[in-house]
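Everything quoted here is computed from the prediction, not taken from an experiment. Scope of the values below: all heavy atoms of this structure, side chains included, with no hydrogens, waters or symmetry mates.
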Amino acid sequence: MTPVSADQPAPLDLTLARAIDLALEQNRPLLNRRLDREVQKFSLEVIEDRWTPRATIRPFVSKDRQDRATGVSSQVSMRVPTGGEFALRWDERLSGEFEDSRAQAISFSQPLLRGAWMNIETAPIRSARLGERLNALAFRQTVEDLVVAVISAYRTLIGAVRQVEIAETALQRARQQLQATRALIQAGRVAEREAVRAEVTVATRELALTQARNRLDAANFRLLDILELDSTVRIHPLERLQVEPSRVTFEAAFAEALRKRADYLQSAALIDIARINLAVAKNDLLPDLSLGVELSDSDPGRKDAQVRLDIAIPFNDRFRDVNRMRARNDLRKAERSQVELRESIDVAVRQAVNDVKVGLRLTELARDARALARQNLAIERDKFGHGLSSSFEVSSSEDELVQAEQAEVSAILNYLDVLTRLDYISGRTLDSWGIRMETLP
C-alpha cells in the first residue's frame with residue numbers, strides 16, 4: 001500500500017469486532033433511536049400507572065358585594081382492575097365572617113357490562129406492553145442493520161486492501177518482466193519489439209493500481225461514515241479474508257429464525273394487539289350498565305347514602321359496528337401477514353443455506369484456479385527466458401493470474417457475505433457477535 005506521509009495521521013488499526021463496538025457507541029442515527037427508546041419506556045410507565053391513586057387540589061378565592069370567601073376543594077380517585085373507580089371528595093369553604101362549611105363524600109362506581117371486568121380494564125396496559133415489545137424489537141432490528149452494515153463495509157475494505165496488494169504485485173512482476181525483456185534484447189535472444197508489449201503491460205498495471213487505490217479510498221470513507229470517525233483517518237483492517245466451512249442446516253436455521261427474527265416476533269405481537277382491540281370493540285357494543293354507591297357528609301351530624309343503577313342502551317349507533325368490523329378485519333390481516341412472512345422466511349433461509357454451500361465450493365474452485373494460473377505464468381516466463389515464448393503470451397498469462405486472484409477475492413467476499421446474510425435471516429446476528437441488548441448503553 002501507499003506509505004503514509006508525515007502530514008497524514010497514523011493508520012487506525014481496527015478489528016471487525018472493535019469496528020462494531022465503535023458503531024454501537026458512536027453512530028448518530030442509533031444514538032437518536034436510543035433517545036426515542038427513553039421516551040417509549042417512560043410512556044409505558046405512565047400507562048402502567050392506570051391504577052395509581054390520583055389527587056387533585058383546587059384552592060379558590062371569590063368576592064361579591066356582600067362577602068369574600070376562600071376555600072379549597074380536593075379529590076382523590078383510584079381505578080381498580082374491575083373497571084370501577086373509588087373517589088374521595090373533600091370541600092371546605094371559609095367565608096369572610098369566618099363561618100366555614102365542610103363536605104365530604106366517598107363514592108364507588110362499577111360498570112357491569114360495557115367497560116367492565118379485568119379483560120377490558122387491563123386492555124390498554126396489555127396493548128401498551130405489546131407496543132413496547134414492538135418498539136424494543138424495532139430497536140433491535142436497527143442494531144442488527146447497523147452491525148450488518150459495519151460488517152459489509154469492513155469486509156469491503158479488506159477486499160479493497162487485497163485488490164491493492166494484487167495490483168502492486170502485478171505491477172512489480174510487470175516491471176521485472178520489462179527488465180528481463182530488455183536484458184534478453186541486449187543479449188540478442190529476443191526481438192526488440194518484445195519490449196513494446198512489456199511496456200504496455202507496465203502501463204496497464206499502473207492504471208489498475210491507481211483504480212484499486214481509489215476503490216480503497218472509497219471503502220475507507222464508507223466505513224468512516226458508519227463509524228462517525230474523522231474523514232482524515234485511514235483505517236487499517238487487522239483481519240484478513242479467511243474461509244471457514246459452515247455446517248448450518250435448513251431445519252436449524254429456520255427454527256432459529258422463528259424464535260429470534262424481530263419481524264416475526266413483531267407479527268406475533270401485532271396479532272395479540274389485534275385480538276385485544278377486537279375484544280374491546282365487541283365490549284363496546286354492550287349497553288352501558290353501571291352501579292354507583294356514595295356516602296356523603298355535608299352537614300354536621302348528618303350522613304347521606306345513595307345507591308344508583310344506571311343503564312344507557314344506544315340505538316342506531318353504527319359507528320361501534322364499524323369499529324368491531326375494522327378490529328375483526330385487522331386481526332385477520334395480521335394473521336395472514338404472519339403466514340406470508342413465515343413462507344418468505346422459509347424461502348429466504350433455504351436460498352441462504354444453498355448459497356452457503358455453493359459459495360464454499362466456489363471459493364475452493366477459485367483457489368485452485370489461482371494456483372494453476374500462477375503455475376502457468378511461471379511456465380510462460382521460463383519459456384520466454386529460453387526464447388520459446390513471447391511477451392504477448394507472458395502478458396496474457398499475467399492477466400489470467402490477476403483475474404484469478406481477483407476472482408478468488410470476490411468468491412471469498414461473496415461467501416462471507418452469504419454467511420452474514422444467513423445469520424441476519426436466521427435472527428442470530430447479535431448472538432454471533434456476542435451483543436446483548438440489555439448491555440447496550
Side-chain angles (χ1 to χ4, degrees), residues 1-8 11 155-222 234-237 240-243 362-416:
M1 296 178 59
T2 305
V4 180
S5 61
D7 57 346
Q8 288 181 340
R155 285 177 178 160
T156 299
L157 180 62
I158 295 177
V161 171
R162 179 62 185 135
Q163 294 287 1
V164 170
E165 293 174 351
I166 292 173
E168 289 177 341
T169 303
L171 177 59
Q172 183 180 2
R173 288 197 301 261
R175 287 172 175 170
Q176 292 174 352
Q177 180 64 25
L178 177 59
Q179 294 176 356
T181 301
R182 288 174 175 170
L184 292 175
I185 291 174
Q186 292 178 356
R189 299 178 59 182
V190 298
E192 191 170 343
R193 64 177 181 272
E194 298 293 342
V196 177
R197 180 61 187 178
E199 291 173 353
V200 171
T201 301
V202 170
T204 303
R205 298 300 174 220
E206 290 176 345
L207 175 61
L209 178 58
T210 302
Q211 294 172 337
R213 286 173 175 169
N214 183 62
R215 289 192 294 269
L216 176 60
D217 290 338
N220 184 77
F221 288 136
R222 179 189 173 192
R234 300 290 300 184
I235 297 178
H236 175 238
R240 296 300 177 187
L241 296 178
Q242 296 180 350
V243 176
L362 290 177
T363 60
E364 296 171 351
L365 295 175
R367 180 191 59 205
D368 295 340
R370 185 256 307 160
L372 293 173
R374 185 178 297 276
Q375 293 178 8
N376 183 60
L377 176 60
I379 293 173
E380 288 298 330
R381 296 182 70 172
D382 183 66
K383 290 169 59 179
F384 180 80
H386 292 81
L388 301 176
S389 182
S390 64
S391 295
F392 177 80
E393 292 173 332
V394 174
S395 178
S396 298
S397 299
E398 176 72 26
D399 291 338
E400 292 175 356
L401 176 57
V402 172
Q403 293 173 2
E405 290 175 334
Q406 293 175 343
E408 183 184 21
V409 172
S410 298
I412 296 175
L413 287 175
N414 290 335
Y415 174 71
L416 296 177

Does the side-chain contact (heavy atoms from CB on, under 4.5 Å) test come out yes or no for Val161 and His236, once each step is laid out?
-> CA-CA 9 Å; Val161 171; His236 175 238; 6.0 Å; no
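Residues Asp217 and Arg234 have side chains in contact (heavy-atom distance under 4.5 Å, counting atoms from C-beta outward). Considering only heavy atoms from C-beta on, Thr210 stays 4.5 Å or farther from Arg213 through its side chain. Contact check for Asp399 versus Ser395: side-chain heavy atoms found under the 4.5 Å cut-off. Side chains of Gln172 and Arg175 form no contact here, defined as non-hydrogen atoms less than 4.5 Å apart. Side chains of Asn220 and Leu216 form no contact here, defined as non-hydrogen atoms less than 4.5 Å apart. By the 4.5 Å heavy-atom criterion applied to side chains, Glu400 and Leu377 are not counted as neighbours. Taking the side chain as every heavy atom from C-beta outward, Gln177 and Val394 approach each other to under 4.5 Å.
For the side-chain contact (heavy atoms from CB on, under 4.5 Å) test, residues two or more places apart in sequence or in another chain that qualify with Thr204 are Val200. The side-chain contact (heavy atoms from CB on, under 4.5 Å) search around Ala170 returns Arg173, Arg205, Glu398, Val402, not counting sequence neighbours.
Only one option out of Gln163, Arg370, Arg374 pairs with Glu405 in a side-chain hydrogen bond (donor to acceptor under 3.5 Å, both in side chains); it is Arg374.
For the pair Ala195 and Leu178, the tightest heavy-atom approach, listed with the atom from each and the gap, is O-CD1, 3.9 Å. The minimum heavy-atom distance linking Val164 with Ala212 is given by the pair CG2-O, 3.5 Å. For the residue pair Pro237 and Ile158, the shortest heavy atom distance occurs at CB-CG1, 3.9 Å. Heavy-atom minimum distance, Val243 versus Thr363: CG1-OG1, 4.0 Å.
The pair Glu199-Arg182 counts as a salt bridge, with a side-chain nitrogen and a carboxylate oxygen less than 4.0 angstrom apart.
One distance of note links CZ of Arg367 with CG of Leu365; it measures 9.0 Å at 0.5 Å rounding. Annotation: the span from Arg215 atom CZ to Thr156 atom OG1 amounts to 12.0 Å, rounded to 0.5 Å. Gln403 contributes atom CD, which lies 11.5 Å from atom CD1 of Ile166 (distance to the nearest 0.5 angstrom). Between atom CG of residue Leu171 and atom CD of residue Gln176 there is a gap of 10.0 Å, rounded to the nearest 0.5 Å. Atom CD1 of Ile412 sits about 4.5 Å away from atom CD of Glu408, to the nearest 0.5 Å. Atoms CG and CG, on Leu401 and Asn376 in that order, are 9.0 Å from each other to the nearest 0.5 Å.
A donor-acceptor pair is defined here as one N or O able to donate and one able to accept, closer than 3.5 Å; no such pair exists between the side chain of Arg162 and the backbone of Val409. Counting only distance, with no hydrogens or angles, the side chain of Asn414 and the backbone of Ser410 share a donor-acceptor pair below 3.5 Å.
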